[in-house]
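These notes are about the structure you will find just below.
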Amino acid sequence: MNGTFKKAAVNALYVVVVIGAVFAVWWVAAELTDSELVLPGISATFSEFGTVFGNPEFWTGLSGTLLRSVLAYVISIVLFFATYFFAVSFGPFARAADIFVSALRSLPAVAVTLILILAVGGKGTPVVLGVIVIYPVMYSAARARTATVPAELKEVCLICGAGKIKTFSSLWLPRLAGGLPDMLSSAFSYNIKTVIGAEILAQTADGLGMLMKLSQIYLESAMLVAFVIAAVAVSVLCELILKLILKAVLYKFSD
């Protein structure tokens, strides 16, 4: 118990130190630029939070962004588990999947976004881009984690006559499960950032990205920074909640 409390206290201290360092750099940079238009001060930015949270458009935009993020996330998880199953079950498929995922990872996100705007429109672009970005991250992380599975364990499954599904559920999934809380929670946080970025470029209605774009157009720098801070806070909170849930569900497989 004391060890757990000490670890939590140390982690909290690191968080406080990092946040303090960020605010210190922010304050120095704001003083050096001496322009609320270029970089608003800390007090000016936080005074905008009342306007942000009191604006119904913010909550509509937040809901739209989270909805698109969840949709992209669910699609990515389905694709990830399907691809991973076939990759660990069939050697030729694994080689083809590795090449395909590597190609997806190398795609320039901005260029792909511009193409998607023409192909699927402003509302579909953030969802599709979210899938393109986080699906390869999930798959690559899973393959890296289970790359060291001893060949003897695979042979045991063959000798015992276990089928593909049984081998997957009794060997590959337990081996992967310990890393899922960190992998899936960080992927969701990254997904939110990707969706917002796509919303900015696609000018997606009812999204945080569009609200940020409008703040930039109307030169409302403090409001823009407030939106950015709100988006970061939402991403961190979602990642933390998802990680805690996954760790509670998969505690038997924790590393």
Side-chain angles (χ1 to χ4, degrees), residues 12 14-70 72-73 108-118 121-130 132-134 186-241:
Y14 275 110
V15 172
V16 171
V17 170
V18 171
I19 293 176
V22 170
F23 277 105
V25 172
W26 182 0
W27 180 81
V28 171
E31 290 295 317
L32 290 176
T33 55
D34 194 26
S35 173
E36 290 291 328
L37 184 61
V38 177
L39 181 62
I42 296 175
S43 59
T45 299
F46 279 90
S47 67
E48 291 290 342
F49 274 107
T51 304
V52 169
F53 294 137
N55 188 350
E57 291 184 356
F58 168 76
W59 299 106
T60 301
L62 178 61
S63 300
T65 296
L66 288 178
L67 179 61
R68 283 182 278 272
S69 298
V70 170
Y73 187 69
V110 175
V112 172
T113 302
L114 296 177
I115 295 173
L116 289 175
I117 293 172
L118 299 176
K123 289 193 174 182
T125 293
V127 176
V128 178
L129 186 67
I132 291 175
V133 170
I134 67 169
S186 60
F188 187 71
S189 176
Y190 189 34
N191 178 45
I192 293 177
K193 300 179 184 71
T194 302
V195 168
I196 291 176
E199 288 175 345
I200 293 174
L201 288 177
Q203 299 185 23
T204 306
D206 299 333
L208 286 180
M210 188 58 184
L211 294 177
M212 294 178 186
K213 182 65 177 179
L214 290 173
S215 297
Q216 186 258 340
I217 291 174
Y218 293 120
L219 303 179
E220 297 175 335
S221 300
M223 181 72 75
L224 174 58
V225 176
F227 279 133
V228 171
I229 294 175
V232 171
V234 169
S235 298
V236 172
L237 182 61
C238 289
E239 179 176 350
L240 178 60
I241 293 174

side-chain contact (heavy atoms from CB on, under 4.5 Å) against [X], all qualifying residues, sequence neighbours excluded:
{"X": "L66", "answer": "L62, I192, V234, C238"}
{"X": "I200", "answer": "I196, M212, K213"}
{"X": "V112", "answer": "L107, L116, L129, I132"}
{"X": "T33", "answer": "V38, L39"}

Mind checking side chain to side chain donor-acceptor pair (under 3.5 Å) for [X] and listing every partner two or more places apart, or none if nothing turns up?
{"X": "K193", "result": "S189"}
{"X": "S186", "result": "none"}
{"X": "E48", "result": "none"}

| request: Take the angle between the ring planes of F58 and F227 and call it parallel below 30°, perpendicular above 60°, tilted in between. | output: parallel

If I take atom [atom1] from residue [X] and atom [atom2] from residue [Y], how far apart are they, to the nearest 0.5 angstrom?
{"X": "L67", "Y": "K123", "atom1": "CG", "atom2": "NZ", "answer": "10.0 Å"}
{"X": "S63", "Y": "L208", "atom1": "OG", "atom2": "CG", "answer": "9.0 Å"}
{"X": "Q203", "Y": "I117", "atom1": "CD", "atom2": "CD1", "answer": "8.0 Å"}

>> Keeping T45 on the side-chain end and A226 on the backbone end, is there a donor-acceptor pair under 3.5 Å?
In response: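 Judged by distance alone, no pair lies under 3.5 Å.
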
Exercise for the section: Let me see the working for L224 and E220 under side-chain contact (heavy atoms from CB on, under 4.5 Å), right down to the final yes or no. Expected result: CA-CA 6 Å; L224 174 58; E220 297 175 335; over 6 Å; no

Heavy-atom pair with the smallest gap, counting every atom of [X] and [Y]:
{"X": "L211", "Y": "G61", "result": "CD1-CA, 4.4 Å"}
{"X": "T204", "Y": "P126", "result": "OG1-CG, 3.6 Å"}
{"X": "N55", "Y": "W59", "result": "O-CD1, 3.5 Å"}

> Which pairs count as salt bridge (charged side-chain N to carboxylate O under 4.0 Å, His left out) when at least one residue sits in residues 197-207, sequence neighbours excluded?
Replying inline: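 Sorted pair list: R68-E199.
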
Sorted by chain and number, sequence neighbours left out, ring pair (Phe, Tyr, Trp, His ring centres under 6.0 Å) with F46 holds for F23, F49

Sorted by chain and number, sequence neighbours left out, ring pair (Phe, Tyr, Trp, His ring centres under 6.0 Å) with Y73 holds for F188

Give the C-alpha distance, both sets of side-chain angles, the deciding distance and a yes or no for side-chain contact (heavy atoms from CB on, under 4.5 Å) between T125 and T113. CA-CA 7 Å; T125 293; T113 302; 3.8 Å; yes

